[in-house]
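Step one of this worksheet: look at the structure below.
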Amino acid sequence: MTNPEEEKVIPPTPFEGGKEKKSLNFIEAKVEEDLANGKNGGRVQTRFPPEPNGYLHIGHAKAICLDFGIAAAHGGVCNLRFDDTNPTKENMEYVDAIKEDIQWLGYQWGNEYYASDYFQQLWDFAIELIKRGKAYIDEQSSEEIAAQKGTPTQPGIESPYRNRPVEESLDLFNKMNNGEIGEGKMVLRAKIDMANPNMHFRDPIIYRVVDTPHHRTGTKWHAYPMYDFAHGESDYFEGVTHSLCTLEFVVHRPLYDLFIDWLKEIRGEGDNLDDNRPRQTEFNKLNLNYILLSKRNLLVLVNEGLVSGWDDPRMPTICGFRRRGYTPSSIHKFIDKIGYTTYDALNDFALMESAIREDLNATATRVAAVVNPVKLVITNYPEGQIEEMEAINNPEDETAGSHKIAFGRELWIEKEDFMEDAPKKYFRMTPGNEVRLKNAYIVKCTGCKKDENGEVVEVYAEYDPDTKSGLPGANRKVKGTIHWVSCERCLEAEVRMYDRLWKVENPRDELARLQNEGKTSLEAMKEMMNPNSLEVRPVCYVEEYLADAKPLDHFQFQRIGYFTVDKDSTEGHLVFNRTVALKDTWAKTM
Ligand code: ATP
Ligand code: MG
């Protein structure tokens with residue numbers, strides 16, 4: 001555990017997008033105003049506070065970019081704090097994965113904190129509250145307590161235990177913590193106001209019993225603080241100045257402030273309650289069409305085997321996007337595009353796709369890959385001859401250079417690039433028509449061979465030797481250009497094409513609707529899932545240049561889309577993931 005006094009300053013984000021001077025979002029504006037007013041002694045300190053109960057998703061990336069970005073932009077520090085107050089759902093695998101994902105996004109936290117490091121301080125605070133008559137042990141069941149809460153317009157009912165003697169509460173609180181009281185038998189509640197219009201003030205539960213050992217503190221504790229009792233105090237202990245969170249916490253803010261008031265008062269830290277304390281500001285959660293977020297939901301997908309794991313390339317997790325071929329800078333670009341507001345929205349996933357296309361268009365090496373192969377034989381090309389053709393790596397980047405691609409008599413081309421009876425505007429392979437083979441020759445289609453079912457098994461063409469790429473004859477006008485790979489000099493590859501995981505535009509709301517009808521999460525998810533979200537093409541052909549490609553290398557398969565090597569690749573068996581199609585994913589490209 002690092003010392004809170006030793007705060008390191010994080011380096012500014014390495015991504016171009018973060019350096020552009022843009023109009024400030026409302027949170028940045030607030031931070032600048034605080035700085036201008038000399039608040040917090042000119043300090044800016046934020047935190048990113050994930051609960052280690054799953055892998056981070058793209059929604060978290062939005063929070064991360066803000067928490068780390070604000071600190072970096074103002075010479076401040078952003079710490080990582082694991083909100084580990086619920087041992088039943090948390091573990092170290094998640095802690096490690098969260099750290100890896102934040103770093104992959106390009107950020108480095110100042111200190112690594114855990115809410116569990118504050119269990120003693122929180123316990124002491126709770127004891128003090130009991131002593132001051134501000135908290136009591138309730139022995140009712142959670143159902144009874146909920147039934148007494150009232151409604152926003154109707155006051156709640158006070159618990160029969162509300163005014164029990166302090167000594168009794170102290171004794172029972174100790175018993176809760178030393179394992180003498182079973183889970184759900186007793187809770188500690190703050191004594192605030194059962195008639196308050198804010199439901200969170202109606203004697204909120206601040207401690208409960210959990211018997212599962214904690215991933216860091218083992219069996220030392222049995223009484224664990226609730227989120228509302230741990231979060232604000234943790235911010236305060238660390239010296240957070242700006243505590244940024246999502247809109248559902250707006251209604252929790254008065255309680256956040258109240259607990260910090262009480263804490264400051266008890267500790268005698270500053271007469272001015274407004275001084276030197278964290279302030280919570282809320283922004284809208286990311287919600288994307290055709291994407292379901294929330295770790296709780298994603299855990300169901302993983303546990304029930306509806307996807308292959310947290311990093312299944314169809315998952316909206318950071319590691320899923322990474323494996324799918326998204327880059328950190330594309331995620332930054334996307335987050336920049338959608339911005340931060342104070343109202344709930346449903347963003348278009350197309351924005352995410354255009355961000356990754358923009359990024360890979362500038363950086364991905366262009367290669368030839370045939371994902372639905374049929375053989376093309378160039379009947380007038382010498383048998384056994386191979387020519388090395390020059391292929392430009394990236395027309396968007398002169399410095400990217402070129403590589404060689406082998407050309408021969410037999411080539412693989414896409415089935416869709418040949419039609420025996422083609423309509424007028426079909427400019428690809430059709431008998432009598434000329435077409436350019438990318439980086440090679442102009443060829444004229446002469447016919448095809450079909451099997452007994454009428455399936456085309458071979459296409460024939462003749463080449464014109466004067467039209468080799470780079471020669472003057474190559475300038476002859478032909479309307480179509482198609483890609484190809486040499487049959488003799490290519491590699492076999494498996495290509496995985498992905499489609500939306502969900503059929504419905506707003507899976508979050510649809511899931512809630514189906515659950516309201518009494519369906520379990522699993523039943524609802526099965527109903528909502530797109531049965532065609534993964535299409536495996538087991539036999540594709542790619543040029544030899546890809547032999548040494550490594551997982552997370554990015555390529556443009558010309559005319560098809562952007563692809564990355566999957567971690568399932570082995571020597572001799574390349575596997576590619578389609579990151580995104582060249583234009584619109586939903587317009588069938590191939
Ligand atoms: P989940 O439901 O996915 O578990 P959470 O809010 O419970 O989300 P935490 O791990 O507690 O997740 O959150 C860490 C931070 O990320 C919080 O500040 C939270 O507000 C933020 N966050 C979570 N989901 C989103 C989202 N969809 N958009 C923006 N920020 C989010
Ligand atoms: Mg949560």
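Note that the structure is a prediction, hence the values are computed from the model and not measured. Residue numbers run from 1 in the order of the sequence given. Both ligands and their constituent atoms are indexed starting at 1 by order of listing.
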Return a yes/no value for L286: is any of its N or O atoms, backbone included, closer than 3.5 angstrom to an N or O of ligand 1? yes

Under a 4.5 Å cut-off applied to non-hydrogen side-chain atoms, are Y236 and E269 in contact? yes

I need the nearest protein heavy-atom contact for atom 31 (C) of ligand 1: residue, atom name and distance, please. G59 O, 3.6 Å

Less than 4.0 angstrom from a charged side-chain N to a carboxylate O is my criterion; do E238 and R81 meet it? yes

Contact (N/O only, under 3.5 Å) between H60 and ligand 1: yes

Could you give all pairs that pass the side chain to side chain donor-acceptor pair (under 3.5 Å) test and reach residues 308-319, with sequence neighbours left out? S308-D312, D311-R323, D311-K567, D312-R314, R314-S533

Could you say whether the N/O atoms of N53 and ligand 1 ever approach to under 3.5 Å? no

Counterpart residues, ring pair (Phe, Tyr, Trp, His ring centres under 6.0 Å), relative to F173 (two or more places apart): W123, Y207

Identity and separation of the nearest protein heavy atom to atom 6 (O) of ligand 1: K285 NZ, 3.9 Å

Does atom CZ of R513 have more than 12 heavy-atom neighbours, drawn from other residues, nucleotides or ligands, at distances under 6.0 Å? yes

So which heavy atom on P52 is nearest to which on D83, and how close? CD-O, 3.8 Å

Below 4.0 angstrom from a heavy atom of T246, which ligand 1 atoms are there? Numbered from 1 as shown, please. 19 (C), 20 (O), 29 (C), 30 (N), 31 (C)

Can an N or O of E51 be found at a distance shorter than 3.5 Å from an N or O of ligand 1? yes

Backbone or side-chain N or O of S294 under 3.5 Å from ligand 1 N or O: yes

Are a donor atom and an acceptor atom from the side chains of S521 and Q515 found within less than 3.5 Å of each other? yes

Please determine if R216 forms a cation-pi arrangement with Y114, meaning its NZ or CZ atom is less than 6.0 Å from the six-membered ring centre and no more than 45° off the ring axis. yes

Please determine if K295 has a nitrogen or oxygen closer than 3.5 Å to a nitrogen or oxygen of ligand 1. yes

Residue of the set F125, Y224, F119 for which ring-ring contact (aromatic ring centres under 6.0 Å, His included) holds with F229: F125

Short list, please: which atoms of ligand 1 are under 4.0 Å from a heavy atom of P49? 14 (C), 18 (O)

For A63, counting its heavy atoms only, list the atoms of ligand 1 lying under 4.0 Å from any of them. 16 (O), 21 (C), 30 (N)

Can you list the atoms of ligand 1 that are under 4.0 Å from a heavy atom of P50? 10 (O), 14 (C)

One residue to check: H57. Relative to ligand 1, which of side chain, backbone, both or neither has a non-hydrogen atom less than 4.0 Å away? side chain

I want to know if ligand 1 touches F48 in the polar sense, i.e. an N/O pair below 3.5 angstrom. no

Evaluate R47 for polar contact with ligand 1, using N/O atom pairs at a separation under 3.5 Å. no

Taking side chain as C-beta onward, heavy atoms only, is E128 less than 4.5 Å from D124? no

